[in-house]
Amino acid sequence: MTTPASHTLAGRQETASTPTGISDVVFDFCGVLIDWQCAAALRGHYPDSLVDRICAADDPYGFFDYEDRMDHGEALADILPDVRNDHGDEIADIFADYIARYDDSLTRIVPGMQALLADLKAAGYGVWGLTNWSYETFHFAFEKFPRLEELLDGTVVSGVEKQFKPNTGFYRLAMDRFGIEPASSVFFDDTPRNVAGAQSAGMRAFVFENASRARHDLQSLGVRV
């Protein structure tokens with residue numbers, strides 16, 4: 001199952017604005033809205049020592065690099081021959097299995113974030129998603145956490161658009177798609193370079209730490225949450 005296009009924008013009411021002009025808030029997904037854990041999709045299926053190596057920051061099998069290529073819009077079928085050539089049949093089969101059971105890596109909604117989105121919506125703000133994610137696996141996010149789909153006014157996915165954070169053009173594409181202005185928008189991401197990318201596109205942006213801190217950051221801009 002694939003996502004044929006960026007998540008369709010929901011009907012939205014007139015947005016609120018603050019004294020500083022903030023009307024819309026844009027969120028990254030993994031590490032911000034959803035707790036993504038690579039090991040959760042592998043643990044119990046493969047030896048713990050192998051799972052630990054695959055999920056380590058210095059992973060010798062390059063799972064994160066191959067997944068990054070998928071986030072850029074490449075298909076699994078085109079990447080698997082490279083995995084097989086680089087690391088052999090066993091690792092290629094494990095990578096394919098990991099992608100097939102990707103929903104297992106999505107362990108929960110980040111604590112406090114569902115409430116924050118709901119409070120923003122109730123106060124009249126636009127609430128959006130912008131994610132580096134493969135078009136082949138993004139559907140798992142809303143299938144597993146349908147409340148996120150209900151709360152977000154729309155989501156733009158890198159693997160669909162073949163554009164990618166932190167490239168400035170990707171943020172601009174998203175803002176055009178959402179019909180929002182950079183000066184009245186706030187962006188949250190757990191990766192500093194992606195925050196810098198949003199700032200280069202004219203957005204206010206914060207490095208995400210947790211829901212409580214995000215709420216405080218929004219309040220510092222006059223957002224009523």
Side-chain angles (χ1 to χ4, degrees), residues 1-4 6-7 27-114 129-149 152 155-166 188-194 207-211:
M1 177 177 178
T2 60
T3 304
S6 294
H7 177 59
F27 295 94
D28 176 38
F29 266 65
C30 290
V32 176
L33 296 180
I34 295 175
D35 186 1
W36 169 78
Q37 300 291 334
C38 171
L42 298 170
R43 194 81 67 191
H45 300 276
Y46 305 99
D48 285 346
S49 58
L50 176 58
V51 173
D52 291 341
R53 289 198 300 276
I54 288 172
C55 298
D58 58 350
D59 165 30
Y61 305 113
F63 271 40
F64 297 148
D65 292 333
Y66 297 123
E67 191 171 348
D68 191 57
R69 287 172 58 183
M70 292 184 69
D71 290 349
H72 276 76
E74 289 190 61
L76 174 64
D78 294 331
I79 293 171
L80 273 180
D82 290 343
V83 185
R84 206 170 300 280
N85 182 65
D86 294 341
H87 301 289
D89 291 344
E90 180 183 9
I91 295 300
D93 290 345
I94 293 172
F95 184 73
D97 184 44
Y98 165 63
I99 296 301
R101 290 185 295 98
Y102 200 79
D103 56 330
D104 290 341
S105 72
L106 310 178
T107 60
R108 60 179 178 171
I109 295 177
V110 170
M113 289 307 292
Q114 181 171 307
L130 179 63
T131 180
N132 287 347
W133 201 316
S134 166
Y135 73 87
E136 293 185 79
T137 57
F138 179 72
H139 65 93
F140 286 127
F142 289 152
E143 288 173 3
K144 192 160 188 179
F145 305 112
R147 182 60 176 149
L148 286 182
E149 185 172 20
L152 291 169
T155 297
V156 167
V157 180
S158 67
V160 175
E161 306 298 339
K162 294 183 171 56
Q163 296 196 47
F164 196 80
K165 293 178 294 182
F188 286 92
D189 198 296
D190 61 323
T191 303
R193 68 176 179 274
N194 293 340
V207 175
F208 180 84
E209 297 177 10
N210 54 56

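Predicted model only: the values in this text are computed from it and were never measured. By convention here, the first residue in the shown sequence is residue 1.
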Participant: Any heavy-atom pair between the side chains of Glu67 and Thr137 that's under 4.5 Å?
Facilitator: no
Participant: If you take all heavy atoms of Glu136 and Glu74, which pair is closest and at what distance?
Facilitator: OE2-O, 4.1 Å
Participant: What orientation do His72 and Phe164 show, parallel under 30°, tilted 30 to 60°, or perpendicular over 60°?
Facilitator: parallel
Participant: Does Glu143 reach the side chain of Asp103, with side-chain heavy atoms less than 4.5 Å apart?
Facilitator: no
Participant: Can you name the nearest heavy-atom pair linking Phe64 to Ala56, along with the distance?
Facilitator: CE1-O, 3.6 Å
Participant: Can you see which heavy atom on Val51 is nearest to which on Tyr46, and at what distance?
Facilitator: CG2-O, 3.9 Å
Participant: How would you list all residue pairs meeting salt bridge (Lys or Arg N to Asp or Glu O under 4.0 Å) that involve residues 51-66, not counting sequence neighbours?
Facilitator: Arg43-Asp52
Participant: Atom CG in Asp48, atom CG in Leu42: separation rounded to 0.5 Å?
Facilitator: 10.5 Å
Participant: Taking side chain as C-beta onward, heavy atoms only, is Ile91 less than 4.5 Å from Phe63?
Facilitator: yes
Participant: Which pair of heavy atoms, one from Gly159 and one from Tyr135, lies closest together, and at what distance?
Facilitator: O-CD2, 3.6 Å
Participant: In terms of the angle between their ring planes, are Phe140 and Tyr102 parallel, tilted or perpendicular, with boundaries placed at 30° and 60°?
Facilitator: parallel
Participant: Hey, does Thr191 have a side-chain heavy atom less than 4.5 Å from the side chain of Asn132?
Facilitator: no
Participant: A side-chain contact here means heavy atoms from C-beta on lying under 4.5 Å apart; do Thr155 and Phe142 qualify?
Facilitator: yes
Participant: Would you call Leu33 and Thr131 a side-chain contact if the rule is heavy atoms closer than 4.5 Å?
Facilitator: no
Participant: Does the side chain of Phe188 come within less than 4.5 Å of Asp28's, by heavy atoms?
Facilitator: no
Participant: Do His87 and Phe95 have side chains that approach each other closer than 4.5 Å (heavy atoms only, starting at C-beta)?
Facilitator: no
Participant: How close do Pro111 and Ala211 get, heavy atom to heavy atom, and via which atoms?
Facilitator: O-CB, 3.3 Å
Participant: Keeping Arg108 on the side-chain end and Asp35 on the backbone end, is there a donor-acceptor pair under 3.5 Å?
Facilitator: no
Participant: Supply the atom-to-atom distance Leu152 CG to Leu130 CG, rounded to the nearest 0.5 angstrom.
Facilitator: 11.0 Å
Participant: Measure the CG-SG distance between Leu50 and Cys55 for me, rounded to the nearest 0.5 Å.
Facilitator: 9.0 Å
Participant: Nearest 0.5 Å, what's the CG-CG distance between Asp190 and Asn210?
Facilitator: 12.0 Å
Participant: Pair Val110, Phe208 - check side chain to side chain contact (heavy atoms under 4.5 Å, CB included), show working.
Facilitator: CA-CA 11 Å; Val110 170; Phe208 180 84; 4.1 Å; yes
Participant: Tell me whether Gln114 contacts the main-chain N or O of Arg147 through its side chain, where contact means a donor paired with an acceptor under 3.5 Å.
Facilitator: no
Participant: Look up atom CH2 in Trp36 and atom CZ in Phe29, then write down how far apart they are to the nearest 0.5 Å.
Facilitator: 15.5 Å
Participant: Looking at every non-hydrogen atom in both residues, tell me the closest pair between Lys144 and Leu106 and how far apart they are.
Facilitator: NZ-O, 2.8 Å
Participant: Can you tell me how far the CD atom of Gln37 sits from the CG atom of Asp104, to the nearest 0.5 Å?
Facilitator: 12.5 Å
Participant: Look only at the side chain of Ser158 and the backbone of Trp133, and say whether a donor-acceptor pair between them is shorter than 3.5 Å.
Facilitator: yes
